[in-house]
Amino acid sequence: MSTETAEVKEEVKKSSEALFSKRRKRIVSDPLNEDNPITVQVLGICSALAITIKMEPTLVMSIAVIAVIVFSNLIISLIRGLIPGRVRIIVQLAIIATLVTLVSEVLKAYYFDMYKVLGAFVGLIITNCIVMGRLEAFAMANKPYDSILDGLGSGFGYAWIILVVAFFRELFGSGSIMNFKVFEAIGWESFPTNGLMVDSIGAFMVLGILIWVQRSRTGYVEH
Amino acid sequence: MQRSNTYIILFSVALTIVLGGLLSLASVGLKPAQQKQVELDTKKKILGAVMDISGYEDPNKILSLYDERVESVVVDINGDEVTTDEKGNPVVAEKVNIQKNYRFDASERLYPVFKFKNDPSSDQIDAYIFPMFGAGLWDWISGYVALENDLNTVKGVAFDHKQETPGLGARITSEEVKSRFVGKEIYEGSELVSVSMVKGEGNSDLTDHQVDGMSGATLTGKGLNDMLENYLGYYQSYINKVKSGNGKVALN
């Protein structure tokens, strides 16, 4: 009898796993640091280089990527039982492409100045390996709610890295933060801006340093 | 799990229809807002060539300001007004796509001209704004050049580019570089010489037809010079026509 009650207990526990159980917290927090898509998995580098010259477009790009990852994860997870295995990649692509086009159209309609800056790069979210990577590795095999959490984790993991890169590139490359001229504000009018920072090379350097700092802290080694 | 071919085909068709429908809905639903944005962007650029519009945040204010102050006309290479296209549809200057026209031969393109008035109630035209298009270093560059009503002195310019290098060629959009063009002259006597950007930065003894260059962006500067020279040339017949007609207006 005692075994029976134990079994029942376990079942109840399973179906009502806490909204933010330890496992779920890890789904969100892992990609932020130890399993970061950019610095550890080294995915999505192209957009990290291209759009991090200034912080404002970077912020818009982050929001766009987070939205696309979360919703594509959710949709794929919802229909994961229906997707035929042989065409799953093309199904994933079609869904990502649709979401990206929607984001791009909305930007064009309501945020035109940003659309002009980001135009091509928003379209390139389709090829951002992070998005497809998450669909294939996680959403195809997990429940919708977990998939949303996973999307949020990976999205924010991507976002905070490119925002940090953009912060340093804009600060040293243009002498400003969010288009606010910091150095002029503190009375250093002749601050020498660094041309290297507005070039992609600057992004490589900042990103390289970030990866170094992060890996030496987490002790991650590539095998 | 292996599924039958029929299932796969049906699934693909259904997915395509759903996603396609979603995209068409979004496209149709967002079209008016997008068109308004494109229109606003064009009008902002036109106004930006002659005046400081940074104080106007409200899109509707910019549009009404534009309606008050700007008249437009479309001309061909001979300076004759064009009112309908070959299909008989009316031609609107604001809707003429300079980039598309750039693909045609210079003699077949449409050339919009925007006439700016300081005082909305008078007939006096205070500036003529000419859109242009050309090649920068990496991709296209475009611009709006405003001339004073003597059709010789540059009143202001506004440039745009697709992907010139930030901090180098992309500086053509900065206020500092644009202001270098103000007050320069495009005619030497009666001969069109255009305005050109010289090599290097910090040059002194610039003539009325030269502006200081951008260090590290000589090739973008060259593209800019070509664009200015070409398009001022294309607009020359129109400029001459206005000039010969202008004498009477000035006498009144």
Side-chain angles (χ1 to χ4, degrees), chain A residues 50-54 57 71-72 75-76 79-88 90-117 119-121 140 169-170 172-175 192-203, chain B residues 1-45 54 57 59 62 138-139 142 160-171 173-174 214-217:
Chain A
I51 46 104
T52 52
I53 293 170
K54 295 225 161 150
F71 283 107
S72 56
I75 295 169
I76 288 289
I79 61 169
R80 68 184 189 283
L82 300 172
I83 302 174
R86 274 187 282 167
V87 292
R88 69 182 192 286
I90 216 93
V91 170
Q92 291 165 9
L93 253 184
I95 284 169
I96 298 170
T98 307
L99 286 168
V100 167
T101 313
L102 284 179
V103 167
S104 165
E105 294 278 304
V106 169
L107 270 187
K108 193 178 174 188
Y110 299 108
Y111 210 0
F112 196 72
D113 290 335
M114 263 309 125
Y115 173 79
K116 281 198 296 181
V117 177
F121 298 113
M140 284 298 285
R169 286 183 75 186
E170 186 173 353
F172 295 120
S174 319
T193 55
N194 187 341
L196 202 62
M197 279 293 159
V198 294
D199 217 72
S200 315
I201 302 157
Chain B
M1 175 174 32
Q2 195 74 353
R3 287 206 162 96
S4 71
N5 287 342
T6 326
Y7 177 82
I8 293 178
I9 291 168
L10 282 180
F11 181 85
S12 309
V13 169
L15 187 80
T16 311
I17 291 171
V18 170
L19 295 182
L22 207 64
L23 285 181
S24 335
L25 267 184
S27 175
V28 171
L30 293 172
K31 193 134 213 180
Q34 289 175 350
Q35 275 169 345
K36 198 176 172 195
Q37 292 279 0
V38 173
E39 183 192 347
L40 182 68
D41 191 60
T42 313
K43 293 185 172 174
K44 256 184 176 166
K45 274 193 228 151
S54 52
E57 287 290 329
I62 293 175
W138 303 114
D139 212 310
S142 69
D160 199 0
H161 66 95
K162 186 161 180 222
Q163 51 182 30
E164 299 309 298
T165 318
L168 301 175
R171 284 174 61 206
T173 58
S174 73
M214 300 175 295
S215 174

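Numbered from 1 within each chain, the chains take letters A, B, ... in sequence-line order.
- No part of Y115(A) comes within reach of chain B, as not one of its non-hydrogen atoms sits under 4.5 angstrom from that chain.
- Rounding to the nearest 0.5 Å places CZ of F112(A) at 9.5 Å from NZ of K44(B).
- Chain A is approached within less than 4.5 Å, heavy atom to heavy atom, by Q37(B), V38(B), D41(B) from residues 35-42 of chain B, ordered by number.
- Interatomic distance, CG of N5(B) versus CZ of R86(A), reported as 5.0 Å (0.5 Å rounding).
- For I90(A), no part sits under 4.5 Å from any heavy atom of chain B, backbone or side chain.
- Ranking V87(A), T101(A), V91(A), D113(A) against chain B, the residue ahead of the rest is V91(A), based on heavy-atom pairs under 4.5 Å.
- The two residues I83(A) and R3(B) have their closest heavy-atom pair at O-NH1, 3.4 Å.
- The minimum heavy-atom distance linking T98(A) with L19(B) is given by the pair OG1-CD1, 3.4 Å.
- In plain terms, the two heavy atoms of L22(B) and L102(A) that are nearest each other are CD2-CD1, 4.3 Å.
- Among A97(A), A109(A), S174(A), the residue making the largest number of heavy-atom pairs under 4.5 Å with chain B is A109(A).
- Contacts from residues 7-16 of chain B to chain A, taken as heavy-atom pairs separated by less than 4.5 Å, involve Y7(B), I8(B), F11(B), L15(B) in sequence order.
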